[in-house]
There are 2 protein chains.
Amino acid sequence: MKQYETFELRFQGEALTENYANIPLDATFTCDGKTTAVKGFYDGDGQYVARFFPEQAGEYHWAVSGCIAAEGNESCEEAAEDAHGLVKAVDTHFEFEDGKLYIPFGTTVYALAHQDDDLTEQTLATLKTAPFNKLRMCVFPKDYDYNHNEPPCYAFEKKANGSWDVSRPCIAFWQRFETILDRITAMGIQVDLILFHPYDRWGFDTLSQRENLVYLDYLLRRLAAKPGIWWSLANEYDLSRGKSLADWEEIEEFVAAHDPYGHLLSCHNCICFWDASRPNITHASLQVKGLSAVPRWLERYGKPVMIDECCYEGDLPHFWGSISAREMVNRFWRSCAGGGYCTHGETFLDDREVLWWAKGGVLKGKSPRRIAFLREIMESLPGPLQPAEGGMIQLMQMSDSEVQEVLKPLPEAERSIASEIVKSARRMDACDREILLSGEHEYASHCDEEAYLWFNDLQCLGIQTLQLPKDKQYRVECIDTWEMTRLLVADKASGTTTIRLPVKEGLAVLATRIQSETHHSCKIFYPPGIFCPGDKRSWSAIQRL
Amino acid sequence: MKQYETFELRFQGEALTENYANIPLDATFTCDGKTTAVKGFYDGDGQYVARFFPEQAGEYHWAVSGCIAAEGNESCEEAAEDAHGLVKAVDTHFEFEDGKLYIPFGTTVYALAHQDDDLTEQTLATLKTAPFNKLRMCVFPKDYDYNHNEPPCYAFEKKANGSWDVSRPCIAFWQRFETILDRITAMGIQVDLILFHPYDRWGFDTLSQRENLVYLDYLLRRLAAKPGIWWSLANEYDLSRGKSLADWEEIEEFVAAHDPYGHLLSCHNCICFWDASRPNITHASLQVKGLSAVPRWLERYGKPVMIDECCYEGDLPHFWGSISAREMVNRFWRSCAGGGYCTHGETFLDDREVLWWAKGGVLKGKSPRRIAFLREIMESLPGPLQPAEGGMIQLMQMSDSEVQEVLKPLPEAERSIASEIVKSARRMDACDREILLSGEHEYASHCDEEAYLWFNDLQCLGIQTLQLPKDKQYRVECIDTWEMTRLLVADKASGTTTIRLPVKEGLAVLATRIQSETHHSCKIFYPPGIFCPGDKRSWSAIQRL
C-alpha cells in the first residue's frame, strides 16, 4: 500500500450471473484510529474486489465482510514524488491533497471510450503531447451529429426483453473503461467523468431513478478509490428527458454520500446553471460564452469557476462548433485573467467524421499551442489568481456613503463622474446593465501582491497605466497571446507605471514581483518597431527615468 | 420659397445690445388653410430674422408680428430633385419626408465647431469623401483628455462678473456655427446636434434650468427651419452635474414643443439608457457595446435603434478608445444585421493630439472603407431590415402551449430538446441568461421576403444552412466584411439551402430575391480554394443539384 495510490484487495469466490451490481461486500481500512468504510464490487469470473485510496501513510488494519470474509494488516508507504493525492477545491482554486497547486487546462472528448481500439490509441497518443491536464468524457456513448457509431461495448448487459439490466454490469465494458481511465490519469490528466448526458439513443438517459442509483453505486464502488477522477453529474443536465430537478438533486446527494473520499463534484448545464452554491458541489462547471461575469460567479459561489464549455474551435454549421482558434485562445485568457478556468474542444469536420470533441483522434486546430503557452505562464505564477477588486458591480452593492469613501482618492472631477456612473447603473434595467457592463469589462486579476495580470482582449491600448503597489518592485511583460511572445516593457516598476504597447488585439500584461531589497526607479523600455506617439508634452509626464 | 429648403425673412430694425435672446417676434406661414407659427430671432446689427421650412409646395401667405410687423405672399416651388425634406422615424427605420429611405452611417466629431478655421476646413474636406451620412457634434466646446484648446468663440456673451449671459447670444458664434452646419448638411450629412454634454470647464453644463431653456429657445428659433439637423439632448446625459432627471424631461418637452417641424429627437446615455419609449423621443440613441440585444430594444421601443457609441477605433489607453478597425466593422455589421444602426468614431493619438472623435482632421483608421462597403450593400437592399423572428427571447415570452405550437414542425428529438431549453432558460437568473443568450445570438434580419442577411461574426461556419421561402428564388452571396468581397455561392436558391463558406471570421451571407417567373432548382457553387469536407454521406444529403 502506498499513499495516494489505489490499493486493491481481490478475492476469488462464487461466480455470479445475476444481480451482481450491488453485492453485500464491505471493507474497512483503519489507521491511527481512523476508519474508512468502503464497498466492494464484483469483477466477473468469481472475482470480488475492494479498493481503497490511502490518504495517509502508516500501519493499516483492514477487514472484509459480507459475501467474503477476511482481514489483515498492511503497511502504507509515504507517497511517491509524483503522487499528490486527489484534487480538491480550496477557496476559488484547486490544490492536490499534498498542497500542490493544480491549474486546470481542460479539453473535451465526450465519447473517447466508445471508439474502436485504433482510434482510442490515437487519442491517447495525442493526449500524451497535448497541453491538457483535464479531460471531459462520458461513461455512456454519444448519439448526435457526426456520432452515429456503436461503441465496442456497453455499461450493462441486456434483459431478455432488450432493455438494460443495471443489476448486471458488463464486466468487459468496465474493465476496458477503467484501463482507459488509468492510462489517461497516468499522464497527469484529471478525468472529469460525465455520469449522464442527453445525447442518447440507447436508453441510458431514460433509465428509472432506481436504475440510475444502482449504476452509480457500482461505478462508485469500482472507481472511487482512483485518484484523478472527478464526478460531473452530467453534460447538459437540463436537456435530460428522463430526470426531474428532484432526480438530479437525489443523484447529487447519492454520489456525494457514496464517495468515501470527496472527489470533485459538479454538474454542467446547457442553459440554466446548476446551483454551484449547493454544499455537495465543489466547483461551478459552466457552459457559457460571455466571460466578463466570471468574477461575479466567483463571488456568488465562493468556489472555483470552470468554463467547461465556451464553444469549440472548428468549422461546423453550428454556432457552438465554429469559433476560431484566436477566439478560443481569447476565451481561455478571459477566463484565467478573471480568476476562472477554461476548457477546450475542437470540431473540425473531416471525411471520416472524427471530431476531437467527441471521438478524439488528432488535434487539428491552432489553439492548443497557445493554450500550452498560457499554461506555462499560469504555472510560473507564485499562486492562484483572484479577480481584481473594485469595478462597477462591487460599487453598486455599496451604500452611497461607502461609494464616496471608495472614490475619495480620485481627483474631484473624476470622483463626480464615477459617482454619477454608479447612480446611473443602479437605475438601469438589469439585463441592459449586464450587456453594458460586459462590454466594458476589464479582465484583471492578481496573486496577492506577487503578480498582476491584465488581459486586454480586443482593446488595442497603445499606452497602458498600471497601478502597482508603491513599496514593491515588478518586472512587467507584454504578452502576445497569439504570437506567444513575452517582451519586457518595464523593469523594477513600482506604483503608477505607464507602458507602451503594440497597437493590436490579444495582448496581456503581466507584472511579477522582483524579490530584491534594492529599490530602483522605474525605467520604461521601448520595444523596437512599436507605435510611439511623439507628443513631448504628454510623454514628459509619463517618462519616469 | 422652395419645398424642403429653408426660407428666410430678414428685416432691418433697432440694434439691440441687451436681452435679445427671446425677442417678441412671431411669424405665421399659411398654405391651403394650414398655418405654421414660428418665432424669429435677432441676428445682430439690427437684423431680425424669421425662418420657415416649407414642407409642401403651394401659395403661402406670411405675417410677421411683434417687434417687426410685415406680411406678404410667397409662391413655394416643388422640391428640387436632391431635396427630400426632414428625416423622420417610420416604425423602426428612417425615411425622408418624401418617402426616400435613409440609412444612417454615422461618425463622431464632438468639438468640430470649436477648432480653428484650418482644422475645420480639413475636417469638412475629410467628410466630403468619407462614407458617413450622419455626424454627432456638440453646440458647446469640449474639455477632456486631448481636448484642452479654447474654441474661437462661445455661444454667449459674458456678464460683467464673468458668467455667461444667455440673454445675449454671441452672434459671431452662431453665424460661424450655422455656416459649418450648412456646409455639412449640404454634403448630404445629417447633423445629430448635441445640445448639452458633461465634458465642460466653462460652465455650459451647469447653467440654471431657466438659462438652459433660454439657450434652447434661441437655438430652435435659429436652426429649426433647417433640414438635416437632429436634436440630441445630450451626449451622456447621465453624467451631467447640473441637471436632474426632471430637468432633462423638461428639456425634452421644451425642445419638442418649440420645434414646429418635429426634427428627430433623442438622448444619449453613458450608462442608463434614456427611455426611448417616451412619446417625444423618435429613436433610441444608445451607448453600449453588446449588440446582441438590438432586436430586444427594437421590440421594446418600437422605434429605430441607433448604436451611437460602441467605442472608437484607436489606440488610446482607454477601453472606449482602443478597438481595432476589425472590431469597429464587426460592430457595424452586428448592428445592421440586427435591424439597428451604428455610429463610427476614431481615436488615434498623434503628436498634435488631433483625434478625429473630437477635433476632426483626417481619418487614419481602416474601418471607414469597410463601412463604405457595408453602406453600399445596405443601400442596395429593397428596403429596411427587420430582425429575424423567433429565437429564445420570443419563445420565453410565450405560454407552454404556444411554444409547443411553434416547435411543432421540428422532428421529435429536436422539439424535445428545444422545449427543455426554453424551460431551462425560464428558470435562469436574468443576468446570467442575458450573458448566456448574448453569446449564442444569431445576427439575422430580413427585408420582408425580398432579402435576408446573416452576419456570422466570430463564427467560422464551413457550412451554413439557410431557410428561404420555398416559393421564391434567391441569389446568395458570401460577403467578406473585412476583405470587402462578394462571392456568389448559390443562385436560384429556394427553401432550405446549404452553402459552403470559407472557414474564417467576419463573413456575412446575403440572399436577395430574384425577380423572375421561371423556377430552377438550387445549384451550389463551390468557390475555389475553399475548405471542402469530403464526406460523401453527409454531403449527399445537402447537395441539391
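The sequence lines fix the lettering, A, B, ..., with proteins before strands; numbering per chain opens at 1. This structure is a prediction, so every number in the text was calculated from the model and none was measured.
- Residue contact with chain B, scored on non-hydrogen atoms closer than 4.5 Å, is absent for A:Leu286.
- Of all the listed residues (A:Asp145, A:Leu291, A:Leu458), the one sharing the greatest number of non-hydrogen pairs under 4.5 Å with chain B is A:Leu458.
- Using a 4.5 Å cut-off between heavy atoms, A:Ser416 contacts chain B through its side chain alone, with no backbone atom that close.
- Interface remark: of the candidates A:Gly439, A:Ser424, A:Ala425, A:Pro317, A:Ser424 forms the most heavy-atom pairs closer than 4.5 Å to chain B.
- For a residue to count as touching a neighbouring chain, one of its non-hydrogen atoms must lie under 4.5 Å from one of that chain's; by this rule A:Asp457 does not touch chain B.
- Contacts between A:Arg296 and chain B at a heavy-atom distance below 4.5 Å involve the side chain alone, from C-beta outward.
- Proximity to chain B involves both the backbone and the side chain of A:Gln459, based on heavy atoms less than 4.5 angstrom apart.
- Here ring pair (Phe, Tyr, Trp, His ring centres under 6.0 Å) pairs that include residues 416-441 of chain A, with residues two or more places apart or in two chains, are A:His441-A:Tyr443.
- Atom SG of A:Cys460 sits about 14.5 Å away from atom CZ of B:Phe319, to the nearest 0.5 Å.
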Subject >> Test side chain to side chain contact (heavy atoms under 4.5 Å, CB included) applied to A:Asp432 and B:Arg300, step by step >> reply: CA-CA 12 Å; A:Asp432 291 346; B:Arg300 179 192 297 168; 2.7 Å; yes
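- In this structure, CH2 in B:Trp297 is found 6.0 Å from CD1 in A:Ile435, a value given to the nearest 0.5 Å.
- Counting heavy-atom pairs closer than 4.5 Å to chain A, the top residue among B:Lys423, B:Glu420, B:Gln464 is B:Glu420.
- A:Ile417 CD1 to B:Arg241 CZ: the interatomic distance, rounded to the nearest 0.5 Å, is 6.5 Å.
- Across all their heavy atoms, B:Cys272 and A:Arg427 have their closest contact at SG-NH1, 3.6 Å.
- Among residues two or more places apart in sequence or in another chain, the salt bridge (charged side-chain N to carboxylate O under 4.0 Å, His left out) test is passed with A:Glu236 by none.
- Atoms CG and CD1, from A:Leu437 and B:Ile271 in turn, are 6.5 Å apart once rounded to the nearest 0.5 Å.
- Taking chain B as the reference chain and counting heavy-atom pairs below 4.5 Å, the highest number among A:Asn456, A:Leu436, A:Val288 is found for A:Leu436.
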Original post:
Which is it for A:Lys289 and B:Glu440 under the salt bridge (charged side-chain N to carboxylate O under 4.0 Å, His left out) test, yes or no, and what are the steps along the way?
Top reply: CA-CA 8 Å; A:Lys289 290 92 208 172; B:Glu440 308 196 355; 2.4 Å; yes
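- Using a 4.5 Å cut-off between heavy atoms, B:Tyr146 does not touch chain A at all.
- Shortest non-hydrogen contact noted between B:Ser322 and A:Leu461 is OG-CD2, 3.3 Å.
- When B:Ile421, B:Asn269, B:Ile323, B:Asp429 are compared by the number of non-hydrogen pairs under 4.5 Å with chain A, B:Ile421 comes out ahead.
- Looking at A:Ser292, the atoms closer than 4.5 Å to chain B (heavy atoms on both sides) all sit in the side chain, from C-beta outward.
- The most heavy-atom pairs under 4.5 Å with chain B, out of A:Arg433, A:Gln287, A:Arg426, A:Glu434, come from A:Glu434.
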